[in-house]
Engineer: 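Dropping the structure in here first, questions after.
The chains referred to below are lettered A, B, ... by the order of the sequence lines, with proteins before strands, and numbering in each begins at 1. Hydrogens, waters and symmetry mates play no part in the numbers below; they use all other heavy atoms, side chains included.
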Protein chains: 4
Amino acid sequence: MLNRVVLVGRLTKDPELRYTPNGVAVANFTVAVNRPFSNQQGEREADFINCVIWRRPAENLANYMSKGSMIGVDGRIQTRNFEGQDGKRVFMTEVVADSVQFLESRGSNQGGQPGRTSNQSQQTNQSGFQPQQSNQSGFQSQQDAKPKSDNPFEDSGEPVDLSDDDLPF
Amino acid sequence: MLNRVVLVGRLTKDPELRYTPNGVAVANFTVAVNRPFSNQQGEREADFINCVIWRRPAENLANYMSKGSMIGVDGRIQTRNFEGQDGKRVFMTEVVADSVQFLESRGSNQGGQPGRTSNQSQQTNQSGFQPQQSNQSGFQSQQDAKPKSDNPFEDSGEPVDLSDDDLPF
Amino acid sequence: MLNRVVLVGRLTKDPELRYTPNGVAVANFTVAVNRPFSNQQGEREADFINCVIWRRPAENLANYMSKGSMIGVDGRIQTRNFEGQDGKRVFMTEVVADSVQFLESRGSNQGGQPGRTSNQSQQTNQSGFQPQQSNQSGFQSQQDAKPKSDNPFEDSGEPVDLSDDDLPF
Amino acid sequence: MLNRVVLVGRLTKDPELRYTPNGVAVANFTVAVNRPFSNQQGEREADFINCVIWRRPAENLANYMSKGSMIGVDGRIQTRNFEGQDGKRVFMTEVVADSVQFLESRGSNQGGQPGRTSNQSQQTNQSGFQPQQSNQSGFQSQQDAKPKSDNPFEDSGEPVDLSDDDLPF
DNA sequence: TTTT
DNA sequence: TTTT
């Protein structure tokens with residue numbers, strides 16, 4: 001049974017990185033993909049597609065990409081259902097990403113805030129490692145080492161209420 | 001912005017064919033796609049993916065495929081939201097199929113009820129046109145002429161409460 | 001950089017299973033995919049797409065599928081070039097399959113030769129294990145155990161002139 | 001029969017725009033897609049995938065994208081064979097693009113030569129229409145109007161030796 | 001409950 | 001609120 005999804009679009013907000021009780025990283029994010037046609041009012045609409053990614057690539061995504069970043073996603077559609085807070089069954093459909101490609105971080109052309117990894121200007125960045133520059137690579141998150149980061153959210157790695165049952169492997 | 005989905009799986013129920021007030025055919029269906037791995041209990045789970053298809057291919061799907069039929073779907077992910085019956089906003093994600101491939105109708109190997117198009121045995125079918133035989137083609141619904149059918153559901157073509165706003169073109 | 005291919009079509013011949021000097025299984029096969037439109041002569045043409053698959057799934061494919069079998073392929077496009085026998089550089093494009101789905105073996109509906117695994121009638125097969133029946137599963141080759149087989153070609157596993165350089169991992 | 005390809009990569013050279021004797025535009029181009037893994041020498045290799053696109057999107061591609069531009073491709077694999085100049089049959093595999101997405105033109109971050117559409121600096125471009133800026137859109141070529149251009153190659157539209165038999169519709 |  |  002085949003189940004394959006490929007998306008290219010922009011993050012509607014910063015990815016949300018969490019850790020399962022067992023310490024497995026998982027990031028949720030939403031990709032806005034503009035439709036290739038206009039509606040009857042002549043407007044271009046978009047689809048807002050919920051995605052999840054696990055482990056190392058989850059951390060890379062959270063480190064390098066932020067609201068507005070353009071990414072590519074290769075994955076599969078997953079459906080789940082769970083008890084809602086009102087006791088009703090909630091059905092949800094999301095894309096489980098096998099890999100994510102960093103196509104362009106928000107601000108990469110304007111010298112703005114390049115992701116949440118840094119508050120210094122991109123222009124004066126001396127690190128030599130600038131994953132947020134789309135023109136340098138378009139690399140995939142799976143192969144990237146996890147860089148040192150002073151992002152307290154990520155470093156804390158505090159477990160949240162996430163069952164390992166969601167783990168696809 | 002890229003948005004591409006390919007699925008192969010089985011219909012969880014007969015496709016539901018409707019017509020917009022303007023007479024445009026639209027079919028809703030759900031595809032069960034078995035996951036390629038087992039969960040922690042060692043069971044194989046499936047994803048149940050809601051799909052829509054418009055116009056002629058919608059009619060072909062409803063005519064030839066039924067619960068249990070294996071199909072291929074080529075399409076894109078669409079998200080919508082609407083006012084639920086309880087006044088709350090409902091978000092939904094579905095696949096809009098560009099084309100559907102008929103891979104095998106339920107019962108095609110066992111001589112059972114081949115779709116809803118006929119109540120005579122497949123063995124004695126003299127029509128010469130047997131779309132439900134996966135070994136004869138694997139043809140795509142887009143190219144197929146709509147055959148005469150005494151299926152009252154399809155012929156009635158009664159308009160239902162469906163806005164043309166949903167039309168993707 | 002994204003590179004994703006999904007195919008559903010039929011094997012134009014039996015898969016060719018080989019082993020690298022290191023004993024790694026690799027199978028070459030060609031999938032015929034009918035085009036969804038007719039040419040100017042009103043004929044339906046097909047694309048004949050060369051594919052490779054490695055390791056266990058290669059053995060499964062060779063064991064269960066044969067000329068005429070319908071399969072699904074999920075993979076990526078690979079290009080290579082090598083010195084031809086006439087000293088000229090040969091460029092080739094093929095699909096490297098990550099996984100293959102067995103949709104229907106040739107003969108599964110006609111009771112003919114079901115793959116190369118058996119020369120007895122499908123009707124009288126008592127083995128209880130009939131992977132070539134598309135109606136029983138549509139399972140993926142990755143998860144299947146390699147069954148006992150008296151196929152001399154497969155068992156010999158004789159090394160051929162295949163470099164491990166071709167190995168994608 | 002399903003046949004779907006999605007690529008994201010960079011043009012290895014400027015697209016080659018031609019016209020059939022009937023005046024139908026067609027562009028050939030090659031996309032380099034870096035592989036997501038290293039070979040045994042620890043080097044990252046790439047696949048160089050030949051593509052074709054027809055009609056309006058062919059002209060848009062040639063107008064806006066050039067060597068080094070990053071694009072997304074949604075299409076299908078096509079195989080053809082023809083008589084080579086040495087009388088031998090040549091088999092070729094290429095991707096027929098249904099649509100192309102402009103992700104980033106070469107030079108869009110460095111202020112270099114932005115495509116072949118202009119020889120003035122990107123900085124001082126007053127046109128208000130800057131398709132080569134990936135940060136402004138990521139629009140698809142299908143929807144774009146063909147802009148006025150003084151590119152002699154494109155304007156001449158001289159017919160070349162291209163059979164309309166290649167036309168996919 | 002959305003990106004450019 | 002699921003297919004084989």
Engineer: State which of E/dT2, E/dT4, F/dT3 makes the closest approach to the side chain of A/Thr12.
Structural biologist: E/dT2

Engineer: Let me know the distance between CE of B/Met70 and P of F/dT3, rounded to the nearest Å.
Structural biologist: 14 Å

Engineer: Could you walk me through whether B/Leu2 and A/Val33 satisfy the side chain to side chain contact (heavy atoms under 4.5 Å, CB included) test, starting with their C-alpha distance in whole Å, then the side-chain angles of each, then the deciding distance to 0.1 Å, before giving a yes or no?
Structural biologist: CA-CA 7 Å; B/Leu2 274 160; A/Val33 186; over 6 Å; no

Engineer: If you measure from the Lys or Arg side-chain nitrogens to the Asp or Glu carboxylate oxygens, is any gap between C/Arg4 and D/Asp74 under 4.0 Å?
Structural biologist: no

Engineer: Quick check: do A/Met70 and D/Glu104 have side-chain heavy atoms less than 4.5 Å from each other?
Structural biologist: no

Engineer: Would you kindly give the CG-to-C1' distance between A/Leu103 and E/dT3, to the nearest whole Å?
Structural biologist: 14 Å

Engineer: Roughly how many Å is it from CZ in B/Arg35 to C1' in F/dT3, rounded to a whole number?
Structural biologist: 14 Å

Engineer: Go through F/dT3, E/dT2, E/dT3 for me and flag the one nearest to the A/Asn50 side chain.
Structural biologist: E/dT2

Engineer: Output all residues satisfying side-chain contact (heavy atoms from CB on, under 4.5 Å) with A/Glu83, sequence neighbours left out; order by chain, then residue number.
Structural biologist: A/Arg89

Engineer: Given atom NZ of A/Lys67 and atom P of E/dT4, what is their separation to the nearest angstrom?
Structural biologist: 6 Å

Engineer: Check the distance between E/dT4's C1' and A/Lys13's NZ and give it to me in whole angstrom.
Structural biologist: 16 Å

Engineer: What is the distance from CG of A/Asp14 to C1' of E/dT2, rounded to the nearest Å?
Structural biologist: 13 Å

Engineer: Just to be sure I understand the rule, does B/Gly9 reach a base, reach only the sugar-phosphate, or reach nothing, if contact means heavy atoms closer than 4.0 Å?
Structural biologist: nothing

Engineer: Take the protein atom CZ of A/Arg10 and the nucleotide atom P of E/dT2, then report the distance between them rounded to whole Å.
Structural biologist: 18 Å

Engineer: From the set F/dT2, E/dT2, E/dT4, return the single nucleotide nearest to any side-chain atom of B/Phe48.
Structural biologist: F/dT2

Engineer: Starting the side chain at C-beta, find the nucleotide from E/dT3, F/dT2, F/dT3 nearest to B/Met1.
Structural biologist: E/dT3

Engineer: In whole angstrom, what separates B/Glu94's CD from F/dT2's P?
Structural biologist: 19 Å

